[in-house]
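Residue numbers begin at 1 in each chain, while the letters A, B, ... track the order of the sequences.
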Protein chains: 2
Amino acid sequence: MAAESAVFTIADSAFARKLSAYVKLSPADLLVLSDIYRRKRDFAVGHDMIHEGERSHHAYILASGWACSYKILNGGTRQIVDFQVPGDFLGLRSVLFRTADHNVEPITPVQASEVRQQDLLAAFSHTPRISTAVLWTASRDEAMVVEHLVNLGRRNAAERTGHFLLELAARLRLVGMGDKKGFACPLSQYHLSDALGLSAVRVNRVLRLLREEGMLTFHKGQVVFKNYDALVAFTGFDRTYLDHDGPLLP
Amino acid sequence: MAAESAVFTIADSAFARKLSAYVKLSPADLLVLSDIYRRKRDFAVGHDMIHEGERSHHAYILASGWACSYKILNGGTRQIVDFQVPGDFLGLRSVLFRTADHNVEPITPVQASEVRQQDLLAAFSHTPRISTAVLWTASRDEAMVVEHLVNLGRRNAAERTGHFLLELAARLRLVGMGDKKGFACPLSQYHLSDALGLSAVRVNRVLRLLREEGMLTFHKGQVVFKNYDALVAFTGFDRTYLDHDGPLLP
DNA sequence: GCATGATACTGATGGAGATCAGCCCTGTGC
DNA sequence: GCACAGGGCTGATCTCCATCAGTATCATGC
(Lines give C-alpha, C1' and ligand atoms only; values in the text may rest on other atoms or scores of the structure.)
Protein backbone atom coordinates (compact mmCIF):
# COMPACT_ATOMS: atom_id res chain seq x y z
CA MET A 1 0.00 0.00 0.00
CA ALA A 2 2.55 2.52 1.18
CA ALA A 3 5.02 1.11 -1.31
CA GLU A 4 2.52 1.38 -4.09
CA SER A 5 1.79 5.00 -3.43
CA ALA A 6 5.53 5.63 -3.24
CA VAL A 7 5.95 4.01 -6.63
CA PHE A 8 3.24 6.21 -7.96
CA THR A 9 4.92 9.31 -6.57
CA ILE A 10 8.33 8.52 -7.90
CA ALA A 11 7.14 7.38 -11.31
CA ASP A 12 5.36 10.69 -11.58
CA SER A 13 8.30 12.87 -10.65
CA ALA A 14 10.39 14.92 -13.03
CA PHE A 15 13.40 12.94 -11.87
CA ALA A 16 12.03 9.52 -12.78
CA ARG A 17 10.85 10.92 -16.09
CA LYS A 18 14.37 12.07 -16.82
CA LEU A 19 15.98 8.78 -15.78
CA SER A 20 13.48 6.80 -17.82
CA ALA A 21 14.59 8.67 -20.90
CA TYR A 22 18.03 7.21 -20.36
CA VAL A 23 17.36 3.71 -19.08
CA LYS A 24 14.14 1.73 -18.94
CA LEU A 25 13.41 1.23 -15.26
CA SER A 26 11.60 -1.85 -14.00
CA PRO A 27 9.00 -1.68 -11.21
CA ALA A 28 11.70 -3.11 -8.92
CA ASP A 29 14.06 -0.29 -9.89
CA LEU A 30 11.32 2.23 -9.22
CA LEU A 31 10.76 0.75 -5.78
CA VAL A 32 14.41 1.22 -4.93
CA LEU A 33 14.27 4.76 -6.23
CA SER A 34 11.15 5.63 -4.30
CA ASP A 35 12.84 4.42 -1.15
CA ILE A 36 15.76 6.75 -1.78
CA TYR A 37 13.39 9.47 -2.69
CA ARG A 38 11.13 9.45 0.34
CA ARG A 39 12.31 12.20 2.65
CA LYS A 40 11.24 15.60 1.41
CA ARG A 41 12.78 18.78 2.79
CA ASP A 42 12.09 22.47 2.34
CA PHE A 43 14.71 25.16 1.94
CA ALA A 44 14.23 28.89 2.21
CA VAL A 45 16.03 31.51 0.17
CA GLY A 46 19.11 32.80 1.95
CA HIS A 47 20.24 29.50 3.46
CA ASP A 48 22.66 27.36 1.49
CA MET A 49 21.63 23.76 0.94
CA ILE A 50 25.26 22.64 0.60
CA HIS A 51 28.39 24.43 1.84
CA GLU A 52 31.82 24.05 0.31
CA GLY A 53 34.11 22.06 2.58
CA GLU A 54 31.21 20.49 4.45
CA ARG A 55 31.57 16.76 4.93
CA SER A 56 28.21 16.07 3.48
CA HIS A 57 26.41 12.79 3.51
CA HIS A 58 23.45 13.57 1.39
CA ALA A 59 22.53 14.80 -2.02
CA TYR A 60 19.19 16.12 -3.20
CA ILE A 61 16.76 15.74 -6.04
CA LEU A 62 14.93 18.95 -6.78
CA ALA A 63 11.17 18.56 -6.73
CA SER A 64 10.20 22.21 -7.08
CA GLY A 65 11.93 25.58 -7.19
CA TRP A 66 15.28 26.73 -8.58
CA ALA A 67 18.74 26.52 -7.06
CA CYS A 68 22.28 27.31 -8.18
CA SER A 69 25.67 25.80 -7.52
CA TYR A 70 28.58 28.20 -7.18
CA LYS A 71 32.08 28.77 -5.93
CA ILE A 72 33.49 31.77 -4.11
CA LEU A 73 37.01 32.99 -4.94
CA ASN A 74 39.59 34.67 -2.77
CA GLY A 75 38.58 38.17 -3.74
CA GLY A 76 34.98 37.46 -2.77
CA THR A 77 33.74 37.28 -6.36
CA ARG A 78 31.64 34.30 -7.18
CA GLN A 79 31.10 32.08 -10.18
CA ILE A 80 27.81 30.28 -10.62
CA VAL A 81 28.51 26.94 -12.26
CA ASP A 82 24.98 25.91 -13.07
CA PHE A 83 21.36 26.40 -12.18
CA GLN A 84 19.25 23.49 -11.04
CA VAL A 85 15.63 23.16 -12.04
CA PRO A 86 13.03 20.56 -11.00
CA GLY A 87 14.12 17.01 -11.75
CA ASP A 88 17.82 17.82 -11.40
CA PHE A 89 20.19 15.91 -9.19
CA LEU A 90 22.25 18.10 -6.93
CA GLY A 91 25.28 17.48 -4.79
CA LEU A 92 26.16 14.13 -6.33
CA ARG A 93 29.83 15.03 -6.36
CA SER A 94 29.77 16.08 -2.74
CA VAL A 95 28.45 12.65 -1.80
CA LEU A 96 30.93 10.74 -3.93
CA PHE A 97 33.86 12.81 -2.67
CA ARG A 98 32.45 13.01 0.84
CA THR A 99 33.30 16.67 1.12
CA ALA A 100 31.54 19.30 -0.97
CA ASP A 101 33.68 21.22 -3.45
CA HIS A 102 31.03 23.85 -4.11
CA ASN A 103 28.01 25.59 -2.58
CA VAL A 104 24.37 25.25 -3.50
CA GLU A 105 21.89 27.98 -2.77
CA PRO A 106 18.12 28.15 -3.34
CA ILE A 107 17.03 30.92 -5.70
CA THR A 108 13.35 30.41 -4.93
CA PRO A 109 11.86 28.41 -2.07
CA VAL A 110 12.84 24.83 -2.80
CA GLN A 111 11.39 21.45 -2.07
CA ALA A 112 13.83 18.59 -2.50
CA SER A 113 14.22 14.92 -1.67
CA GLU A 114 17.15 14.13 0.54
CA VAL A 115 19.24 11.23 -0.72
CA ARG A 116 21.48 9.64 1.88
CA GLN A 117 24.92 8.51 0.88
CA GLN A 118 24.49 4.95 2.08
CA ASP A 119 21.15 4.56 0.30
CA LEU A 120 22.60 5.82 -2.92
CA LEU A 121 25.64 3.58 -2.82
CA ALA A 122 23.50 0.60 -1.90
CA ALA A 123 21.23 1.31 -4.84
CA PHE A 124 24.27 1.45 -7.11
CA SER A 125 25.48 -1.93 -5.85
CA HIS A 126 22.18 -3.75 -6.13
CA THR A 127 20.54 -2.17 -9.14
CA PRO A 128 23.11 -1.58 -11.86
CA ARG A 129 20.51 0.08 -14.06
CA ILE A 130 20.14 2.89 -11.58
CA SER A 131 23.87 3.23 -11.43
CA THR A 132 24.06 3.53 -15.20
CA ALA A 133 21.17 5.95 -15.31
CA VAL A 134 22.79 8.21 -12.72
CA LEU A 135 26.07 8.02 -14.61
CA TRP A 136 24.10 9.21 -17.57
CA THR A 137 22.54 12.19 -15.85
CA ALA A 138 25.96 13.08 -14.45
CA SER A 139 27.38 13.00 -17.96
CA ARG A 140 24.63 15.24 -19.22
CA ASP A 141 25.37 17.70 -16.45
CA GLU A 142 29.00 17.61 -17.45
CA ALA A 143 28.04 18.29 -21.07
CA MET A 144 26.27 21.41 -19.88
CA VAL A 145 29.19 22.58 -17.80
CA VAL A 146 31.42 22.04 -20.82
CA GLU A 147 29.16 24.21 -22.92
CA HIS A 148 29.26 26.92 -20.24
CA LEU A 149 33.03 26.69 -20.41
CA VAL A 150 32.98 27.27 -24.14
CA ASN A 151 30.56 30.10 -23.52
CA LEU A 152 32.92 31.85 -21.11
CA GLY A 153 36.03 31.14 -23.11
CA ARG A 154 35.02 32.06 -26.60
CA ARG A 155 31.80 34.01 -26.83
CA ASN A 156 31.31 37.73 -26.22
CA ALA A 157 28.87 39.10 -23.69
CA ALA A 158 25.83 39.24 -25.98
CA GLU A 159 26.28 35.80 -27.55
CA ARG A 160 27.02 34.36 -24.15
CA THR A 161 23.89 35.75 -22.54
CA GLY A 162 21.65 34.70 -25.41
CA HIS A 163 23.16 31.25 -25.56
CA PHE A 164 22.68 30.77 -21.88
CA LEU A 165 19.01 31.71 -21.95
CA LEU A 166 18.42 29.42 -24.91
CA GLU A 167 19.97 26.53 -23.01
CA LEU A 168 17.85 27.25 -19.97
CA ALA A 169 14.75 27.26 -22.14
CA ALA A 170 15.67 23.93 -23.72
CA ARG A 171 16.21 22.35 -20.31
CA LEU A 172 12.95 23.66 -18.95
CA ARG A 173 11.03 22.42 -21.94
CA LEU A 174 12.15 18.88 -21.07
CA VAL A 175 10.30 19.13 -17.77
CA GLY A 176 7.35 21.00 -19.23
CA MET A 177 8.19 24.43 -17.84
CA GLY A 178 8.43 26.50 -21.00
CA ASP A 179 8.34 26.53 -24.77
CA LYS A 180 9.91 28.22 -27.77
CA LYS A 181 8.08 31.40 -26.85
CA GLY A 182 9.78 31.74 -23.50
CA PHE A 183 9.70 30.71 -19.84
CA ALA A 184 9.20 31.96 -16.31
CA CYS A 185 12.59 32.93 -14.91
CA PRO A 186 13.18 33.83 -11.26
CA LEU A 187 16.78 34.94 -11.88
CA SER A 188 17.98 38.46 -11.20
CA GLN A 189 20.49 40.19 -13.43
CA TYR A 190 23.02 39.56 -10.65
CA HIS A 191 22.46 35.83 -10.98
CA LEU A 192 23.06 36.09 -14.68
CA SER A 193 26.22 38.12 -14.22
CA ASP A 194 27.64 35.62 -11.74
CA ALA A 195 26.87 32.76 -14.09
CA LEU A 196 28.22 34.48 -17.19
CA GLY A 197 31.41 35.90 -15.75
CA LEU A 198 30.22 39.46 -16.48
CA SER A 199 29.42 42.49 -14.37
CA ALA A 200 25.81 43.22 -13.58
CA VAL A 201 26.14 46.48 -15.49
CA ARG A 202 27.13 44.65 -18.64
CA VAL A 203 24.34 42.13 -18.31
CA ASN A 204 21.89 44.99 -18.10
CA ARG A 205 23.30 46.58 -21.26
CA VAL A 206 23.41 43.31 -23.13
CA LEU A 207 19.79 42.61 -22.28
CA ARG A 208 18.88 46.04 -23.61
CA LEU A 209 20.80 45.30 -26.78
CA LEU A 210 19.07 41.97 -27.28
CA ARG A 211 15.74 43.67 -26.68
CA GLU A 212 16.50 46.46 -29.15
CA GLU A 213 17.58 43.90 -31.72
CA GLY A 214 14.19 42.24 -31.32
CA MET A 215 15.61 38.92 -30.13
CA LEU A 216 14.32 38.57 -26.56
CA THR A 217 12.99 40.39 -23.54
CA PHE A 218 13.91 39.71 -19.92
CA HIS A 219 11.38 41.42 -17.72
CA LYS A 220 9.46 40.82 -14.51
CA GLY A 221 10.46 37.20 -14.20
CA GLN A 222 9.62 36.33 -17.77
CA VAL A 223 11.98 35.55 -20.64
CA VAL A 224 10.23 36.00 -23.98
CA PHE A 225 11.92 35.04 -27.24
CA LYS A 226 10.83 37.60 -29.81
CA ASN A 227 12.77 35.98 -32.62
CA TYR A 228 13.91 32.52 -31.67
CA ASP A 229 15.59 31.62 -34.95
CA ALA A 230 17.55 34.84 -35.16
CA LEU A 231 18.75 34.33 -31.60
CA VAL A 232 19.83 30.75 -32.34
CA ALA A 233 21.78 31.97 -35.36
CA PHE A 234 23.30 34.89 -33.49
CA THR A 235 24.51 32.82 -30.53
CA GLY A 236 25.50 29.69 -32.44
CA PHE A 237 23.27 27.60 -30.21
CA ASP A 238 23.25 23.90 -31.09
CA ARG A 239 21.20 21.89 -28.68
CA THR A 240 22.58 18.45 -29.53
CA TYR A 241 24.70 18.46 -26.37
CA LEU A 242 21.48 18.37 -24.37
CA ASP A 243 19.95 15.51 -26.29
CA HIS A 244 20.53 11.81 -26.51
CA ASP A 245 19.31 8.98 -28.67
CA GLY A 246 16.74 7.29 -26.49
CA PRO A 247 17.23 4.53 -23.95
CA LEU A 248 20.66 2.94 -24.13
CA LEU A 249 19.80 -0.08 -22.01
CA PRO A 250 16.72 -1.98 -23.22
CA MET B 1 47.81 -18.05 -18.11
CA ALA B 2 46.77 -15.42 -20.62
CA ALA B 3 44.25 -14.18 -18.12
CA GLU B 4 46.89 -13.93 -15.44
CA SER B 5 49.19 -11.88 -17.57
CA ALA B 6 46.24 -9.70 -18.53
CA VAL B 7 45.46 -9.20 -14.88
CA PHE B 8 49.03 -8.27 -14.31
CA THR B 9 48.97 -5.75 -17.13
CA ILE B 10 45.78 -4.06 -16.05
CA ALA B 11 46.64 -4.02 -12.36
CA ASP B 12 49.83 -2.28 -13.34
CA SER B 13 48.26 0.41 -15.49
CA ALA B 14 47.75 4.02 -14.49
CA PHE B 15 44.05 3.52 -15.08
CA ALA B 16 43.62 0.63 -12.64
CA ARG B 17 45.71 2.51 -10.12
CA LYS B 18 43.35 5.45 -10.39
CA LEU B 19 40.21 3.29 -10.12
CA SER B 20 41.61 1.44 -7.14
CA ALA B 21 41.96 4.71 -5.32
CA TYR B 22 38.20 5.10 -5.59
CA VAL B 23 36.91 1.56 -5.15
CA LYS B 24 38.69 -1.60 -4.04
CA LEU B 25 38.64 -3.90 -7.05
CA SER B 26 38.52 -7.66 -6.66
CA PRO B 27 40.52 -10.02 -8.91
CA ALA B 28 37.24 -10.74 -10.69
CA ASP B 29 36.71 -7.03 -11.31
CA LEU B 30 40.24 -6.76 -12.63
CA LEU B 31 39.60 -9.61 -15.02
CA VAL B 32 36.57 -7.84 -16.44
CA LEU B 33 38.59 -4.65 -16.74
CA SER B 34 41.49 -6.35 -18.46
CA ASP B 35 39.08 -7.78 -20.98
CA ILE B 36 37.77 -4.31 -21.77
CA TYR B 37 41.27 -3.04 -21.82
CA ARG B 38 42.86 -5.46 -24.25
CA ARG B 39 42.94 -3.74 -27.63
CA LYS B 40 45.67 -1.17 -27.87
CA ARG B 41 45.72 1.42 -30.64
CA ASP B 42 48.20 4.07 -31.75
CA PHE B 43 47.30 7.58 -32.84
CA ALA B 44 49.55 10.06 -34.63
CA VAL B 45 49.52 13.82 -34.11
CA GLY B 46 47.29 15.54 -36.63
CA HIS B 47 44.52 12.96 -36.73
CA ASP B 48 41.61 13.37 -34.34
CA MET B 49 40.78 10.36 -32.19
CA ILE B 50 37.14 11.44 -31.84
CA HIS B 51 35.18 13.82 -34.08
CA GLU B 52 32.23 15.88 -32.96
CA GLY B 53 29.00 14.55 -34.42
CA GLU B 54 30.50 11.12 -35.08
CA ARG B 55 28.29 8.24 -33.99
CA SER B 56 31.03 6.68 -31.99
CA HIS B 57 30.95 3.28 -30.40
CA HIS B 58 34.14 3.32 -28.44
CA ALA B 59 35.94 5.26 -25.81
CA TYR B 60 39.63 5.11 -24.92
CA ILE B 61 41.85 4.84 -21.91
CA LEU B 62 45.07 6.73 -22.42
CA ALA B 63 48.14 4.54 -21.83
CA SER B 64 50.83 6.97 -22.97
CA GLY B 65 51.01 10.43 -24.54
CA TRP B 66 48.86 13.54 -24.16
CA ALA B 67 45.59 14.45 -25.86
CA CYS B 68 43.07 17.27 -25.60
CA SER B 69 39.32 17.51 -25.98
CA TYR B 70 37.96 20.62 -27.64
CA LYS B 71 35.06 22.27 -29.41
CA ILE B 72 35.12 24.47 -32.50
CA LEU B 73 32.78 27.48 -32.71
CA ASN B 74 31.15 29.13 -35.67
CA GLY B 75 33.87 31.70 -36.16
CA GLY B 76 36.51 28.97 -36.30
CA THR B 77 37.88 29.75 -32.85
CA ARG B 78 38.32 26.80 -30.58
CA GLN B 79 38.05 26.11 -26.89
CA ILE B 80 40.04 23.30 -25.34
CA VAL B 81 38.00 21.79 -22.52
CA ASP B 82 40.65 19.62 -20.95
CA PHE B 83 43.89 17.84 -21.52
CA GLN B 84 44.13 14.08 -21.05
CA VAL B 85 47.22 12.49 -19.58
CA PRO B 86 48.04 8.79 -19.08
CA GLY B 87 45.43 6.94 -17.03
CA ASP B 88 42.62 9.23 -18.14
CA PHE B 89 39.36 8.01 -19.57
CA LEU B 90 38.41 9.72 -22.78
CA GLY B 91 35.23 9.82 -24.82
CA LEU B 92 33.00 8.38 -22.10
CA ARG B 93 30.27 10.90 -22.89
CA SER B 94 30.41 10.11 -26.58
CA VAL B 95 29.75 6.45 -25.81
CA LEU B 96 26.93 7.16 -23.38
CA PHE B 97 25.27 9.61 -25.74
CA ARG B 98 26.16 7.58 -28.82
CA THR B 99 27.21 10.67 -30.73
CA ALA B 100 30.26 12.68 -29.78
CA ASP B 101 29.66 16.27 -28.62
CA HIS B 102 33.34 17.23 -28.84
CA ASN B 103 36.61 16.41 -30.58
CA VAL B 104 39.69 14.74 -29.17
CA GLU B 105 43.09 15.28 -30.70
CA PRO B 106 46.49 13.80 -29.80
CA ILE B 107 49.08 16.36 -28.72
CA THR B 108 51.90 13.85 -28.77
CA PRO B 109 51.87 10.36 -30.31
CA VAL B 110 49.36 8.43 -28.25
CA GLN B 111 48.82 4.83 -27.28
CA ALA B 112 45.36 4.04 -25.97
CA SER B 113 43.13 1.08 -25.18
CA GLU B 114 39.97 1.00 -27.17
CA VAL B 115 36.87 0.37 -25.06
CA ARG B 116 33.85 -0.84 -26.98
CA GLN B 117 30.42 0.42 -26.02
CA GLN B 118 28.91 -3.01 -25.54
CA ASP B 119 31.79 -4.19 -23.37
CA LEU B 120 31.54 -1.13 -21.19
CA LEU B 121 27.80 -1.36 -20.71
CA ALA B 122 28.06 -5.08 -20.00
CA ALA B 123 30.70 -4.40 -17.37
CA PHE B 124 28.42 -1.82 -15.79
CA SER B 125 25.56 -4.32 -15.63
CA HIS B 126 27.53 -7.21 -14.22
CA THR B 127 30.09 -5.55 -11.98
CA PRO B 128 28.50 -2.67 -10.11
CA ARG B 129 31.82 -1.76 -8.51
CA ILE B 130 33.23 -0.86 -11.89
CA SER B 131 30.18 1.18 -12.62
CA THR B 132 30.60 3.09 -9.39
CA ALA B 133 34.31 3.56 -9.98
CA VAL B 134 33.71 4.96 -13.44
CA LEU B 135 31.01 7.24 -12.07
CA TRP B 136 33.66 8.43 -9.70
CA THR B 137 36.27 9.19 -12.32
CA ALA B 138 33.60 10.95 -14.35
CA SER B 139 32.76 13.09 -11.33
CA ARG B 140 36.38 13.96 -10.83
CA ASP B 141 36.64 15.02 -14.46
CA GLU B 142 33.59 17.17 -13.95
CA ALA B 143 35.18 18.74 -10.88
CA MET B 144 38.11 19.75 -13.07
CA VAL B 145 35.91 21.19 -15.77
CA VAL B 146 34.09 23.15 -13.09
CA GLU B 147 37.36 24.57 -11.86
CA HIS B 148 38.27 25.53 -15.44
CA LEU B 149 34.94 27.30 -15.64
CA VAL B 150 35.71 29.30 -12.52
CA ASN B 151 39.11 30.00 -13.99
CA LEU B 152 37.65 31.46 -17.18
CA GLY B 153 34.85 33.31 -15.47
CA ARG B 154 36.59 34.99 -12.59
CA ARG B 155 40.37 34.97 -12.81
CA ASN B 156 42.56 37.29 -14.84
CA ALA B 157 45.03 36.07 -17.43
CA ALA B 158 47.98 35.63 -15.09
CA GLU B 159 46.11 33.90 -12.27
CA ARG B 160 44.34 31.74 -14.80
CA THR B 161 47.52 30.57 -16.48
CA GLY B 162 49.30 29.87 -13.20
CA HIS B 163 46.30 28.05 -11.76
CA PHE B 164 46.03 25.90 -14.82
CA LEU B 165 49.67 24.84 -14.72
CA LEU B 166 49.40 24.05 -11.02
CA GLU B 167 46.43 21.82 -11.69
CA LEU B 168 48.24 20.03 -14.46
CA ALA B 169 51.19 19.43 -12.16
CA ALA B 170 48.95 18.02 -9.44
CA ARG B 171 47.30 15.64 -11.88
CA LEU B 172 50.59 14.46 -13.28
CA ARG B 173 51.99 13.83 -9.83
CA LEU B 174 49.17 11.33 -9.24
CA VAL B 175 50.51 9.20 -12.09
CA GLY B 176 54.13 9.80 -11.23
CA MET B 177 54.95 12.22 -14.04
CA GLY B 178 56.16 15.25 -12.12
CA ASP B 179 56.67 16.82 -8.72
CA LYS B 180 56.52 20.16 -6.94
CA LYS B 181 59.56 21.27 -8.89
CA GLY B 182 57.83 20.96 -12.25
CA PHE B 183 56.97 18.60 -15.09
CA ALA B 184 57.60 17.81 -18.74
CA CYS B 185 54.98 19.63 -20.78
CA PRO B 186 54.47 19.06 -24.51
CA LEU B 187 51.99 21.93 -24.86
CA SER B 188 52.62 24.94 -27.10
CA GLN B 189 51.57 28.43 -26.11
CA TYR B 190 48.77 28.02 -28.66
CA HIS B 191 47.44 25.05 -26.73
CA LEU B 192 47.47 27.11 -23.57
CA SER B 193 45.70 30.00 -25.23
CA ASP B 194 42.95 27.73 -26.57
CA ALA B 195 42.49 26.19 -23.14
CA LEU B 196 42.54 29.48 -21.25
CA GLY B 197 40.32 31.51 -23.55
CA LEU B 198 43.18 33.93 -24.24
CA SER B 199 45.10 34.97 -27.33
CA ALA B 200 48.50 33.42 -27.91
CA VAL B 201 50.04 36.88 -27.61
CA ARG B 202 48.65 37.30 -24.14
CA VAL B 203 49.76 33.86 -23.02
CA ASN B 204 53.27 34.76 -24.11
CA ARG B 205 53.20 37.99 -22.13
CA VAL B 206 51.71 36.36 -19.08
CA LEU B 207 54.39 33.67 -19.12
CA ARG B 208 57.01 36.38 -19.27
CA LEU B 209 55.38 38.11 -16.32
CA LEU B 210 55.29 34.92 -14.26
CA ARG B 211 58.94 34.32 -15.12
CA GLU B 212 59.94 37.87 -14.19
CA GLU B 213 58.06 37.53 -10.91
CA GLY B 214 60.13 34.44 -10.17
CA MET B 215 57.14 32.10 -10.02
CA LEU B 216 57.64 29.69 -12.90
CA THR B 217 59.32 29.14 -16.25
CA PHE B 218 57.75 27.54 -19.31
CA HIS B 219 60.51 26.67 -21.71
CA LYS B 220 61.53 23.91 -24.11
CA GLY B 221 58.84 21.52 -22.98
CA GLN B 222 59.56 21.97 -19.29
CA VAL B 223 57.48 23.74 -16.68
CA VAL B 224 59.60 24.63 -13.66
CA PHE B 225 58.06 26.11 -10.53
CA LYS B 226 60.57 28.60 -9.16
CA ASN B 227 58.43 29.52 -6.19
CA TYR B 228 55.63 27.03 -5.70
CA ASP B 229 54.13 28.56 -2.58
CA ALA B 230 54.06 32.07 -3.99
CA LEU B 231 52.35 30.76 -7.11
CA VAL B 232 49.75 28.90 -5.07
CA ALA B 233 49.03 32.06 -3.09
CA PHE B 234 48.93 34.24 -6.20
CA THR B 235 46.51 32.01 -8.12
CA GLY B 236 44.36 30.94 -5.20
CA PHE B 237 44.99 27.30 -6.05
CA ASP B 238 43.28 24.86 -3.69
CA ARG B 239 43.76 21.29 -4.75
CA THR B 240 40.97 19.73 -2.72
CA TYR B 241 38.78 19.45 -5.81
CA LEU B 242 41.28 16.95 -7.20
CA ASP B 243 41.43 14.82 -4.09
CA HIS B 244 39.15 12.40 -2.35
CA ASP B 245 39.04 10.59 0.92
CA GLY B 246 40.15 7.11 0.01
CA PRO B 247 38.03 4.18 -1.14
CA LEU B 248 34.33 4.77 -0.74
CA LEU B 249 33.30 1.16 -1.24
CA PRO B 250 35.16 -1.29 1.04
C1' DG C 1 4.26 57.57 6.03
C1' DC C 2 8.82 56.87 5.83
C1' DA C 3 13.15 54.53 6.04
C1' DT C 4 15.50 50.41 4.11
C1' DG C 5 17.08 47.24 0.89
C1' DA C 6 16.69 44.80 -3.59
C1' DT C 7 16.71 45.21 -8.27
C1' DA C 8 16.89 47.71 -12.61
C1' DC C 9 19.06 51.10 -15.18
C1' DT C 10 22.53 54.79 -16.98
C1' DG C 11 26.73 57.93 -18.12
C1' DA C 12 31.72 58.58 -17.69
C1' DT C 13 36.28 56.78 -17.33
C1' DG C 14 39.95 53.48 -17.33
C1' DG C 15 42.10 49.10 -18.13
C1' DA C 16 42.83 44.24 -19.53
C1' DG C 17 43.34 41.86 -23.26
C1' DA C 18 42.40 41.25 -28.58
C1' DT C 19 44.11 42.23 -32.91
C1' DC C 20 47.41 43.50 -36.35
C1' DA C 21 51.79 43.37 -38.12
C1' DG C 22 55.74 42.21 -37.77
C1' DC C 23 60.85 39.68 -36.36
C1' DC C 24 63.72 35.75 -34.85
C1' DC C 25 64.95 31.04 -34.21
C1' DT C 26 64.98 26.16 -35.10
C1' DG C 27 63.96 22.02 -37.30
C1' DT C 28 62.86 19.61 -41.64
C1' DG C 29 62.53 18.39 -46.43
C1' DC C 30 64.42 18.70 -50.91
C1' DG D 1 72.15 25.55 -49.14
C1' DC D 2 67.74 27.22 -49.19
C1' DA D 3 62.83 27.40 -48.66
C1' DC D 4 59.33 26.90 -45.53
C1' DA D 5 56.57 26.11 -41.46
C1' DG D 6 55.78 26.17 -36.59
C1' DG D 7 56.64 28.15 -32.46
C1' DG D 8 58.17 31.95 -29.60
C1' DC D 9 58.40 36.82 -29.00
C1' DT D 10 57.31 42.04 -29.35
C1' DG D 11 55.35 46.99 -30.20
C1' DA D 12 51.24 49.74 -31.50
C1' DT D 13 46.49 50.33 -31.62
C1' DC D 14 41.80 49.50 -30.60
C1' DT D 15 37.73 47.50 -28.25
C1' DC D 16 35.14 45.34 -25.09
C1' DC D 17 34.03 45.21 -20.65
C1' DA D 18 34.88 46.48 -15.55
C1' DT D 19 34.51 49.95 -12.37
C1' DC D 20 32.73 53.99 -10.26
C1' DA D 21 29.12 56.76 -9.12
C1' DG D 22 25.16 57.65 -9.31
C1' DT D 23 19.28 57.73 -10.18
C1' DA D 24 14.78 55.35 -10.29
C1' DT D 25 11.44 52.00 -8.82
C1' DC D 26 9.20 48.93 -5.95
C1' DA D 27 8.33 45.97 -2.11
C1' DT D 28 9.03 45.36 2.94
C1' DG D 29 8.84 46.35 7.67
C1' DC D 30 8.11 49.48 11.46
Please determine if a side-chain N or O atom of B:Asn204 lies less than 4.0 Å away from the OP1 or OP2 oxygen of D:dG8.
-> no
Atom [atom1] of [X] and atom [atom2] of [N]: how far apart are they, to the nearest Å?
| X | N | atom1 | atom2 | result |
| --- | --- | --- | --- | --- |
| B:Ile107 | D:dG6 | CD1 | P | 17 Å |
| A:Leu152 | C:dG17 | CG | P | 15 Å |
| A:Leu209 | C:dT10 | CG | C1' | 15 Å |
| A:Asp194 | D:dA18 | CG | P | 12 Å |
| B:Leu207 | C:dG17 | CG | P | 13 Å |
| B:Lys220 | C:dT26 | NZ | C1' | 7 Å |
| B:Leu196 | C:dA16 | CG | P | 18 Å |
| B:Leu192 | C:dG17 | CG | P | 15 Å |

Look at the side chain of B:Arg205 and the base of D:dG8, then say whether one donor and one acceptor between them are separated by less than 3.5 Å.
-> no
Residue [X], side-chain atoms from C-beta onward, closest of [options]:
| X | options | value |
| --- | --- | --- |
| A:Arg202 | C:dA8, C:dA18, D:dC17 | D:dC17 |
| A:Val201 | D:dT19, D:dC17, C:dC9 | D:dT19 |
| B:Ala157 | C:dA8, C:dG17, D:dC9 | C:dG17 |
| A:Ser199 | C:dA18, D:dT19, D:dC17 | D:dT19 |
| A:Tyr190 | D:dT10, C:dT7, D:dC17 | C:dT7 |

Does the ring centre of B:Phe164 sit less than 6.0 Å away from the ring centre of B:Phe83?
-> yes
Can you spot which of A:Asp82, A:Asp48, A:Asp194 makes a side chain to side chain donor-acceptor pair (under 3.5 Å) with A:Tyr70?
-> A:Asp48
Short side-chain to backbone donor-acceptor contact, A:Thr108 and A:Trp66, under 3.5 Å | yes
Of B:Val81, B:Leu90, B:Leu62, the residue whose pairing with B:Val104 passes side chain to side chain contact (heavy atoms under 4.5 Å, CB included) = B:Leu90
Nearest nucleotide by nearest heavy atom, which residue falls closer to the 5' end of DNA chain C, A:Gln189 or B:Arg155?
-> A:Gln189
Comparing A:His191 with A:Arg154, nearest DNA chain C nucleotide closer to 5' gives the residue A:His191
Partner of A:Glu147 under salt bridge (charged side-chain N to carboxylate O under 4.0 Å, His left out), picked from A:Arg140, A:Arg160, A:Arg171, A:Arg155, is A:Arg155
So which one's nearest nucleotide on DNA chain D is more toward 5', A:Ala200 or B:Arg208?
-> B:Arg208
Touch class at under 4.0 angstrom, heavy-atom based, for A:Gly197 against every strand present = sugar-phosphate
